[in-house]
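Just so you know, residue 1 is the first one in the sequence shown, and it goes up from there. Note that this is a predicted model, so its numbers are computed, not measured.
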Amino acid sequence: MDHYDSQQTNDYMQPEEDWDRDLLLDPAWEKQQRKTFTAWCNSHLRKAGTQIENIEEDFRDGLKLMLLLEVISEIVDGNVKMTLGMIWTIILRFAIQDISVEETSAKEGLLLWCQRKTAPYKNVNIQNFHISWKDGLGFCALIHRHRPELIDYGKLRKDDPLTNLNTAFDVAEKYLDIPKMLDAEDIVGTARPDEKAIMTYVSSFYHAFSGAQKAETAANRICKVLAVNQENEQLMEDYEKLASDLLEWIRRTIPWLENRAPENTMHAMQQKLEDFRDYRRLHKPPKVQEKCQLEINFNTLQTKLRLSNRPAFMPSEGRMVSDINNAWGCLEQAEKGYEEWLLNEIRRLERLDHLAEKFRQKASIHEAWTDGKEAMLRQKDYETATLSEIKALLKKHEAFESDLAAHQDRVEQIAAIAQELNELDYYDSPSVNARCQKICDQWDNLGALTQKRREALERTEKLLETIDQLYLEYAKRAAPFNNWMEGAMEDLQDTFIVHTIEEIQGLTTAHEQFKATLPDADKERLAILGIHNEVSKIVQTYHVNMAGTNPYTTITPQEINGKWDHVRQLVPRRDQALTEEHARQQHNERLRKQFGAQANVIGPWIQTKMEEIGRISIEMHGTLEDQLNHLRQYEKSIVNYKPKIDQLEGDHQLIQEALIFDNKHTNYTMEHIRVGWEQLLTTIARTINEVENQILTRDAKGISQEQMNEFRASFNHFDRDHSGTLGPEEFKACLISLGYDIGNDPQKKTGMMDTDDFRACLISMGYNMGEAEFARIMSIVDPNRLGVVTFQAFIDFMSRETADTDTADQVMASFKILAGDKNYITVDELRRELPPDQAEYCIARMAPYTGPDAVPGALDYMSFSTALYGESDL
């Protein structure tokens, strides 16, 4: 007892000499203390049915002091100074010492409590226990903070301290059972009110309102829990919206990519290809980022739910991450097929344009050749012709038949080209078919007319005996030579399409071989012209009467020379065209090599980065923060590599614009590079998110770095395929390696291997065991039943096993404090104890209370608390 008194005196009392000096210097303080302490003693003595009037006289005989001591167990003599000191010690011991606010106690704790309670009130600034209370607003603020219905604080004025003090003292005595310990005049009339008297009076207010502090603590707990729930619900709504928007974009995009309606022209198809390029460059990349962000948000939300002991988030039907991944896979499959279709369609149209032009050229040549042939075959000039003329007509007809046979190949080519155009679905096939049919019908008619004329000539052939053999020889040799020249002109003017150096070299070789035949052809031309010259010589020599030109052919020497000159003119033009095409193919080859060189560097670089990220995610070099910094540096280096990808995209565009379809210099296509790049960005973002979630889990659950390293080492040991996930059996063995018993009956870890532990160890090596407990654990770490356990799920489970979290029972107990120990809570109580938004949140979701003690408007906080943790439905 002496030690206690000495300690309290040192802490809260001035030395006795100072006490006497204070009383002598300021009698007003003695008056205030005498009045305050007398009232305080009477508040205890009335429990024994008595009271005192004069503190130094009434305690002198010891009777009432004994009664007081019976109440408070303290002894002092009747000395007024000692009595006051004793009473102050008693007050400190029983009214102030047990006050504690945030690890402070007694005077400091009481002062901190007053400052916090009066902080929201204007004109109130509690810094001490003397002059801060002179205006009375401090007392009024304490009462209004806890019982606002007792005082209209808005009507109080700082310049009216007497009214303020009397209001506070009267209300406290009438409604709070706090006796009036001071008069307002005593405080206002003193320059510096007595600190002990004020502390004594204020401590009575603290004890009167101490129960409200518990309610405030309970309210704070509920606010915290509800704030977590509100944040999680907002994250869920954000996920649902983002997932819905992304799925809607995919739903709109896939039909566009699956549309295979062909166009009729190269320009239209190239426009489609350009639209597809815009889609890949401009429209798809933001959606790739949205998809990645959606997965990150989902993982972060699940982590927060697990850390706050909430049930896992299950998105709406059709909006799971797996649903989005499936839809994305369908999108990419349609995208791949669409690009292949576009390129095939461009090849097809290119081929169609070439065939259509070839058809028109051959058809025009044939139509020009057949022009007038029907009329010629219908002539009956043989009826009035001489014998020589008849024989000439017959030979001419034979030459015509040779010519007709020579043109048979061209007709077959025209029909074959028309058939190919039909098979390739050429848009103008009807006109091609009509023209082809007209040529075929005309050809059949020419054949019939030729046969008919031959029959007529042969009937009169017996009448004709002579014929100019030289003309006949001329005609026979001129006709095929003429046909050869026409074929040569046709070949020299024929358009060509090639895609490689080898193809243009083949055409060049064929052209050189053709040029090598020109000397022999020139000899044949001179020989044919020699026959004609021989005929002229005979005519001039023997004065033969020639009626008209060569009766066996219409091919004149001038025509042969003209066509021969034309052939010679076409040869250098063909040379130039082949040279230009060869240069173009060389340029295309340079583009192929340029693209291949870059792709052969970028492709392995992407693969290497993927492997390095995989190693970082499973290795344990440094703390999680070190790993996170390392990953972010990797992410920065990867992002800085983007210009090289863009440069490769530019080279790829040049290749496509040049209509280059194959590249033997690399096995990488632009699609391979794009997919690899997108996977690399997604992987680094996902890995960073996993480490951030591990840090969040570690900090929230208080897991040490050594524990994290132990968990990671065990996980990596059983992740033998380095996939970043564990199968069920691998997960079971990992838990056993950490000392977790997976029997049918859960047991606590003892750190020793008893019989059951040894059995668990045998189970990890392949022996049979019960699966009930393990099935329960798998339902926690793999709620989506994917058959694998990620490291984040593994860490969440281990942290849940080793750390404490808020529970439904704790929240239920907090609500019970707010409800005044009732089994239900009212709307008014919620709105009084909780912030407005969280109070309305509870009111909107709490079910009506239906117990036997229910009152109108009662709410069931018990079912609401269990619903917050997934133990029931809201």
Side chain to side chain, [X] and [Y], heavy atoms closer than 4.5 Å:
X: T553; Y: F400; result: no
X: K396; Y: T554; result: yes
X: F595; Y: M670; result: yes
X: R590; Y: H587; result: yes
X: L518; Y: V571; result: yes
X: W249; Y: T253; result: yes
X: N561; Y: T556; result: no
X: M489; Y: H566; result: yes

Salt-bridge test for [X] and [Y]: reply yes if a basic N is under 4.0 Å from a carboxylate O, no otherwise.
X: R378; Y: E374; value: yes
X: E559; Y: K563; value: yes
X: K284; Y: E332; value: yes
X: D522; Y: R525; value: yes
X: K642; Y: D646; value: yes
X: E612; Y: K609; value: yes
X: E274; Y: R281; value: yes

Evaluate side-chain contact (heavy atoms from CB on, under 4.5 Å) for E589 paired with R592, printing each intermediate quantity in order.
CA-CA 5 Å; E589 185 67 10; R592 291 188 183 96; 3.1 Å; yes

Between [atom1] on residue [X] and [atom2] on residue [Y], distance to nearest 0.5 Å:
X: I602; Y: Y641; atom1: CD1; atom2: OH; answer: 5.0 Å
X: T682; Y: Q289; atom1: OG1; atom2: CD; answer: 7.5 Å
X: I560; Y: M485; atom1: CD1; atom2: CE; answer: 5.5 Å
X: E580; Y: I504; atom1: CD; atom2: CD1; answer: 10.5 Å
X: I439; Y: I414; atom1: CD1; atom2: CD1; answer: 4.0 Å
X: I528; Y: W564; atom1: CD1; atom2: CH2; answer: 10.5 Å

Donor-acceptor under 3.5 Å ([X] side chain, [Y] main chain):
X: R574; Y: D494; value: yes
X: Y474; Y: N533; value: no
X: D371; Y: A368; value: no
X: D651; Y: Q598; value: no

Could you label the plane-to-plane angle of the W443 and H366 rings as parallel, tilted or perpendicular, counting under 30° as parallel and over 60° as perpendicular?
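Taking H366 first and then W443, their aromatic rings sit tilted (interplane angle of 30° to 60°).
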
Steps toward salt bridge (charged side-chain N to carboxylate O under 4.0 Å, His left out) verdict (E290, K287):
CA-CA 5 Å; E290 289 182 13; K287 298 302 177 182; 3.5 Å; yes

side-chain contact (heavy atoms from CB on, under 4.5 Å) assessment of W605 paired with I638:
CA-CA 10 Å; W605 181 86; I638 289 170; 4.2 Å; yes

Got a sec, which pairs hit salt bridge (charged side-chain N to carboxylate O under 4.0 Å, His left out) with one end in residues 430-441, sequence neighbours left out?
E367-R435

Provide the full list of salt bridge (charged side-chain N to carboxylate O under 4.0 Å, His left out) pairs with a residue in residues 406-418, sequence neighbours left out, each pair given once.
R410-E490

Tell me whether [X] at atom [atom1] has more than 12 heavy atoms from other residues, nucleotides or ligands lying less than 6.0 Å away.
X: N667; atom1: CG; value: no
X: R360; atom1: CZ; value: yes
X: K644; atom1: NZ; value: no
X: K373; atom1: NZ; value: yes

Looking only at the side chains, is there a donor atom on one of [X] and [Y] sitting less than 3.5 Å from an acceptor on the other?
X: Q656; Y: R277; result: yes
X: Q653; Y: E657; result: yes
X: N663; Y: K593; result: no
X: E486; Y: W369; result: no
X: D575; Y: H511; result: yes
X: N422; Y: N433; result: yes
X: H672; Y: T669; result: yes

Taking all atoms of both residues into account, what is the closest heavy-atom pair of [X] and [Y], and its distance?
X: R674; Y: E649; answer: NE-OE2, 2.9 Å
X: A406; Y: N483; answer: CB-ND2, 3.6 Å
X: P480; Y: A475; answer: CD-O, 4.4 Å
X: M610; Y: L680; answer: SD-CA, 3.5 Å
X: L355; Y: I417; answer: O-CG2, 3.5 Å
X: L247; Y: G318; answer: CD1-O, 3.3 Å

Among R280, K336, H652, exactly one meets side chain to side chain donor-acceptor pair (under 3.5 Å) together with E671. Which residue is that?
R280

side-chain contact (heavy atoms from CB on, under 4.5 Å) between K291 and N325, worked out:
CA-CA 9 Å; K291 176 177 177 292; N325 288 335; 3.2 Å; yes

Show, in sequence, the C-alpha distance, side-chain angles and deciding distance for C330 and I254, and conclude whether the side-chain contact (heavy atoms from CB on, under 4.5 Å) test is met.
CA-CA 8 Å; C330 295; I254 287 179; 4.0 Å; yes

